[in-house]
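If you're wondering where the values come from, they're calculated on a predicted model, not measured in any experiment. Order of the sequence lines fixes the chain letters, A, B, ..., with proteins taken first and strands second; residue numbering starts at 1 for each chain.
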2 protein chains.
Amino acid sequence: MTTAQRGRPGPRRTLTDEAIVTAALELLDRRGADAVSIRGIAAELGVAPNALYTYFPDKAAVLRAVADRLIGEYDLGALANPARPWRQRLHDLALSLRSRLLDHPGATAMLLGAPMDGPRALALGEALLAVVGEAGLDERDAARASYLLIVYVLGSIALEAAEVEPTRPAPPEAQRVAARKAAFDAVPATTYPLTAASADVMSRYITTEQFRWGLDRVIDGFAGPAAAAHQ
Amino acid sequence: MTTAQRGRPGPRRTLTDEAIVTAALELLDRRGADAVSIRGIAAELGVAPNALYTYFPDKAAVLRAVADRLIGEYDLGALANPARPWRQRLHDLALSLRSRLLDHPGATAMLLGAPMDGPRALALGEALLAVVGEAGLDERDAARASYLLIVYVLGSIALEAAEVEPTRPAPPEAQRVAARKAAFDAVPATTYPLTAASADVMSRYITTEQFRWGLDRVIDGFAGPAAAAHQ
DNA sequence: ACCTGAACACCGTTCAAGT
DNA sequence: ACCTGAACACCGTTCAAGT
C-alpha cells in the first residue's frame, strides 16, 4: 500500500495516490486536521507542493480519497458472513466504523464534506444492501434502510467528533463524558429545567452504550422490534 | 437584529455580534462557504479584518454564532403547542430545520464542526425534551430519543448538503435527484449489482419524501409503531 | 510524463499604535 | 474601549521551465 510504482517510470514516479493518502492520514493523526494541507502532505513526502497535482486534481479530491480509505478499513467479509445473525453484523459494522473514525477525529469533515462515492464506499453500500435485505425488507425499503443506517452512524460520529476535534487522539470516553457533564452542569436550571435535569443522560450521549441504544432504535424502526427478539 | 448599538459608545462601536453574524450569512448565501472568511466579513462590513476580534475570539466562534442563528430561526412556539399531536410537531420541526438549512448549503460544516451549545440550540433542545416526553418516554429515554432525532436530522442534512455544497442556492430537488441518478447509473452493475438495481431509490435519498420516511422510522424506533396509529 | 521554482491571490491572527 | 496599518506565517493553485 505504501508504494507500488504503477505504470511506466517516466523521469521519476516518486509518488502514488495511496502514498499521498497515507501521508495525509499520518499528518492528520500526528498534527490534527488543520495540518492536512497540500503543502504539509508534500513536505511529509519530501516533494514540492505542486507535485501532488499530478495525482489529484485538487485538495478536495485528496480528502475524498482519505475518506474512502477510512471507510474501506472495515472488513466486508465479516458483514457478509451468513453464519451470524444480520442484526449482529449490523451492530459490528456500526460499532467498528464508529471506533475507527473516532480514532481519527478531524476526519469527520472529510467524510461529510463530499459525497461518498469512492470505490470502497460503494463496496460497503453494496454489502449493506445485502445484509438489510436479509431483514426481510423489499428492494425499495432495503435501500432506504441502509441509507438510514449510514445517516445514523455518520451523524452520531459527527456530533461526537464536534466535541473533540482539535485534539489529535480522541481522549478516552470517561474524560469526554466528564467534560460534557461539566458543560451541562453549567446550564441554568431556571431557564432550561429539563436540560439541566437530564444533564446526566445528556453527558453520556457521547458513549458507546448510547450509540448502541440509538442503533437499536433505528433498526427497530425499519425492521420492527419483533426482529430484535429472534435476534 | 441588524444593529442595536449596545453599551457605551467609546470611540466608535460600529459593530455588533449580530451584525457580524448577519454579514457572514449574507456572504455565505451570496458567495458560498469558502467566502466566509474573517477578511471577507470585515470587507462586507466596511471595517478592517482585525476589528472582528473585539467581538469574537476567533473565526471558529463566529461560525458557531452563525450556526446558532440558523438553529434559532425555528419558532419554538409551534413546537410547544399542545393542541397538535406531538408526532406532527416533531415532523414540522425536522422538516423546517431541513429546508431552512438546505437553503444555506455550506452552513452544514458550521453546524457539525463544533458542539451546538449556543443559547438557541439549548432552547431547542429544551423544547424537544418536552415534546418527546409527551410520547410517554421516561426522562432517560426522552433525553436519548431527542438526541437520536437531532442526529438523524443533522446527519441527513449533512449527507444531502455534501452533494451540493459548492453551489450557493441549493438547486431544486428534481435537479439534485437527476444528478444523483446519473451518478448511480454509472455504477457498474457487474461489481455492484444491488446498488445498480436500487439506483432509482438511491437517487431519491435526497428527497423530502425519503426524509419523512426515515424520520418516521426513527420515531417508531423510540416510540413504537403503535404511536403512529393514534398519531 | 513527472517534478520544480517562483509567483499570485489569498488566508487567520497578532501587535503596536492611534483616538 | 474600539479601530487601524502593517506584518507574520501560512494557504491552494497555476505556470513556465527543466529532465
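Nucleotides C/dC11 and D/dA7 place their C1' atoms 14 Å apart, quoted to the nearest Å.
Residues B/Leu154 and B/Met116 have side chains in contact (heavy-atom distance under 4.5 Å, counting atoms from C-beta outward).
With sequence neighbours excluded, no residue forms a ring-ring contact (aromatic ring centres under 6.0 Å, His included) with A/Tyr74. In this view, B/Ala60 and B/Asp58, B/Arg64 satisfy the side-chain contact (heavy atoms from CB on, under 4.5 Å) rule, not counting sequence neighbours. Partners of A/Ala123 under the side-chain contact (heavy atoms from CB on, under 4.5 Å) rule, at least two apart in sequence or in another chain, are A/Leu76, B/Tyr192.
Using a cut-off of 4.0 Å between Lys/Arg side-chain N and Asp/Glu carboxylate O, B/Arg30 and B/Glu44 are scored as salt-bridged.
Closest approach to the A/Tyr55 side chain among D/dT13, C/dC2, D/dC3 is made by C/dC2 (side chain taken as heavy atoms from C-beta onward). Side chain of B/Ala51, nearest nucleotide from C/dC2, C/dT13, D/dT4: D/dT4.
Note on B/Ser37: a side-chain N or O is less than 4.0 Å away from OP1 or OP2 of C/dC11. Under 4.0 angstrom from either OP1 or OP2 of D/dC2 there lies no side-chain N or O belonging to B/Tyr53. In this structure, A/Thr14 does not reach the C/dC2 phosphate: none of its side-chain N or O atoms is under 4.0 Å from OP1 or OP2.
Against DNA chain C, the stretch residues 38-47 of chain B makes heavy-atom approaches under 4.0 Å through B/Ile38, B/Arg39.
Nucleotide C/dC10 holds its C1' atom 12 Å from the CZ atom of B/Arg31, rounded to whole Å.
The salt bridge (charged side-chain N to carboxylate O under 4.0 Å, His left out) contacts involving residues 171-195 of chain B comprise B/Arg98-B/Glu173, B/Glu160-B/Arg176, B/Glu163-B/Arg180, B/Lys181-B/Asp185, B/Lys181-B/Asp200, where partners must be two or more places apart or lie in separate chains.
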For this session: Please report the C-alpha distance between A/Tyr152 and A/Tyr147 in whole Å, then the side-chain angles of each, then the deciding distance to 0.1 Å, and finally whether the ring-ring contact (aromatic ring centres under 6.0 Å, His included) criterion is met.
Result: CA-CA 9 Å; A/Tyr152 173 68; A/Tyr147 187 65; over 10 Å; no
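In DNA chain C, runs of at least 3 stacked Watson-Crick or G-U pairs (N1-N3 plus N6-O4 or O6-N4, or N1-O2 plus O6-N3, all under 3.5 Å) give these stems: C:4-8 with D:12-16, C:12-16 with D:4-8.
If you check the side chains of A/Arg212 and A/Thr207, you find no donor sitting under 3.5 Å from an acceptor.
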